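Because the structure is a prediction, the values reported are computed rather than measured. We count ligands from 1, going down the list as the structure has it; atoms in each ligand are counted the same way.
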Amino acid sequence: MTPYDAFLSTHKVMLAPMAGVSDVAFRQLCSEQGASLAFTEMVSAKGLSFANERTAHLIDLYAGEALVGVQIFGHEPNTMADQAKWIEQELDGHLAVIDINMGCPVRKIAGKGDGAALIQDPVLAERIVHEVASCVSVPVTVKTRRGYYDGVETCVDFARMAQCSGAAAIAIHGRFATQMYAGAADWGCIARAKEAADIPVIGNGDVFSAQDALELFESTGCDAILVARGAQGNPWLFAQINAALEETFGAAGDGPQEDCMRAGAFPTPEERIQMARRHAHLLDDHHPKAVVRMRKHASWYVKGVPGASAARAAFNSCSTVDDFDRAFDALLERLSHSPEGKQGTIG
Ligand SMILES: Cc1cc2nc3c(=O)[nH]c(=O)nc-3n(C[C@H](O)[C@H](O)[C@H](O)COP(=O)(O)O)c2cc1C
């Protein structure tokens, strides 16, 4: 068994990198709910090389974060390798894996030759993986999309490229870059890559429920999965997936899900508000300015909660943790008078 086989045998259900979302607070909550590993949002290798403080902040750990996955982006093999090495030293034993972003389609990334642009330059992509993998001792993975242009599937060749250049696994989001998020993710391409490559394949795209996760594993044979949007305002999804995996396959990796409250259950409105409040406080503890990020998180948490639309309007004018506390109190108060009440669950 290679070190990476061992890694994947314990990290089956992971939080995907999400810019502006997967910060310390969100990673902590998802890990507590059973994500076996959580990735940072993408970190610019170039930004790190300029010793840019705001970039370096993205690899901050929360107190007690044992292991983290760090995703880097860029297109200069040397810069990426140097910065991967710096990250490994800086995180001093807490780095589980370096992932290389070869899938981000947004113009400010792909337009500069980073992210999904590398799908169109597999020779450069190969050099990047090779250089980064030669510079760090942790496994290096590649996260990509089904292909760049609609209808032109390249991820199977890309998986072979990743394998030959020293990647320990490849994560595939089953949409073309030009699709952005339109349409449904195609899981067939993940199955085809799994068939063609000898390295582990990590499936990604459209996992919003435990049932989706089971189907992604079963229909593709993938070795692990990454969950992104499904976890927004819903860290409980990891506990639900782990419970379903346990029930179906009898094992769900090493996540701390046995510590989760009512593992696998859907949260009540009150539990949603409690989690949102905790999230706001974690963000505030990390950096009081970061708490404005809570506007979007809070809106996600209260999805389906009676009184959510008034609460959303209130969240949008919150700037401090006290503002959020007042908005949560007001929502709880409204909830106590609502016919649906605080109980019942929201799936
Ligand atoms: C807000 C947001 C930010 C994202 N940021 C990143 C990122 O930094 N790096 C990356 O590789 N993918 C990023 N993604 C893509 C996700 O990791 C994932 O591949 C995609 O959302 C499909 O998975 P899902 O259907 O579970 O959401 C982002 C997605 C969202 C919604």
**Message:** Would you compute the distance between atom OG of Ser299 and atom CZ of Arg295 and round it to the nearest 0.5 angstrom?
**Reply:**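 One finds 10.0 Å between OG of Ser299 and CZ of Arg295.
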
Using residues 167-175 as the side-chain source, report each donor-acceptor pair under 3.5 Å to any protein atom, sequence neighbours left out, with the distance given to one decimal.
from, atom 1, to, atom 2, distance (Å)
His173, NE2, Arg175, NH1, 2.9
Arg175, NE, Tyr181, O, 3.4
Arg175, NE, Ala182, O, 3.2
Arg175, NE, Gly183, O, 3.3
Arg175, NH1, Asp206, OD1, 3.1
Arg175, NH2, Gly183, O, 2.8
Arg175, NH2, Asp206, OD1, 2.8
Arg175, NH2, Asp206, OD2, 3.0

Which heavy atom of the protein is the closest neighbour of [atom], given with residue, atom name and distance?
| atom | answer |
| --- | --- |
| atom 2 (C) of ligand 1 | Met18 CG, 3.8 Å |
| atom 5 (N) of ligand 1 | Ala19 N, 2.8 Å |
| atom 26 (O) of ligand 1 | Ala228 N, 3.0 Å |

So, are [X] and [Y] salt-bridged, with charged N and O less than 4.0 Å apart?
| X | Y | answer |
| --- | --- | --- |
| Asp198 | Arg160 | no |
| Arg278 | Asp285 | no |
| Asp82 | Lys85 | no |

**Message:** With a heavy-atom distance limit of 4.0 Å, tell me whether Met42 approaches ligand 1 through its side chain, its backbone, both, or neither.
**Reply:** both

Is the shortest N/O to N/O distance between [X] and ligand 1 below 3.5 Å?
| X | answer |
| --- | --- |
| Gln232 | no |
| Val227 | no |
| Gln71 | yes |
| Asn204 | yes |
| Leu226 | no |
| Pro17 | yes |
| Gly230 | no |

**Message:** Run His286 and Tyr62 through ring pair (Phe, Tyr, Trp, His ring centres under 6.0 Å) and show every step you take.
**Reply:** CA-CA 8 Å; His286 185 63; Tyr62 60 82; 9.8 Å; no

**Prompt:** Between Ser165 and Ala162, is there a donor-acceptor pair closer than 3.5 Å when you use the side chain of the first and the backbone of the second?
**Reply:** yes

**Asn52 side-chain N/O to Leu48 backbone N/O, donor-acceptor pair under 3.5 Å** =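 Side chain of Asn52 to backbone of Leu48: no pair is present.
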
**Complete:** Ala16 heavy atoms within 4.0 Å reach ligand 1 at atoms 17 (O)

**Asked** Which ligand 1 atoms does Tyr181 reach within 4.0 Å, using its non-hydrogen atoms?
**Response**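 Atoms satisfying the 4.0 Å criterion: 14 (N), 15 (C), 20 (C), 21 (O), 28 (C), 29 (C), 30 (C), 31 (C).
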
**Prompt:** Could a heavy atom of Phe39 be found less than 4.0 Å from some atom of ligand 1?
**Reply:** no

**Message:** Could you check whether any heavy atom of Cys104 sits closer than 4.0 Å to an atom of ligand 1, since that is the contact criterion I want to use?
**Reply:**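 No, that is not the case, since the closest heavy atom of the residue is not under 4.0 Å from the ligand.
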
**Request:** Select the closest option to atom 16 (C) of ligand 1 among Lys143, Arg229, Lys296, judged by heavy-atom distance.
**Result:** Lys143

**Message:** What I'd like to find out is whether the side chain of Val43 reaches to under 4.5 Å of the side chain of Gln71, using heavy atoms alone.
**Reply:**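 Answer no - side chains too far apart.
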
**Prompt:** Can you list the steps and then say if Asn101 with Asp114 is a side chain to side chain contact (heavy atoms under 4.5 Å, CB included)?
**Reply:** CA-CA 8 Å; Asn101 184 324; Asp114 306 340; over 6 Å; no

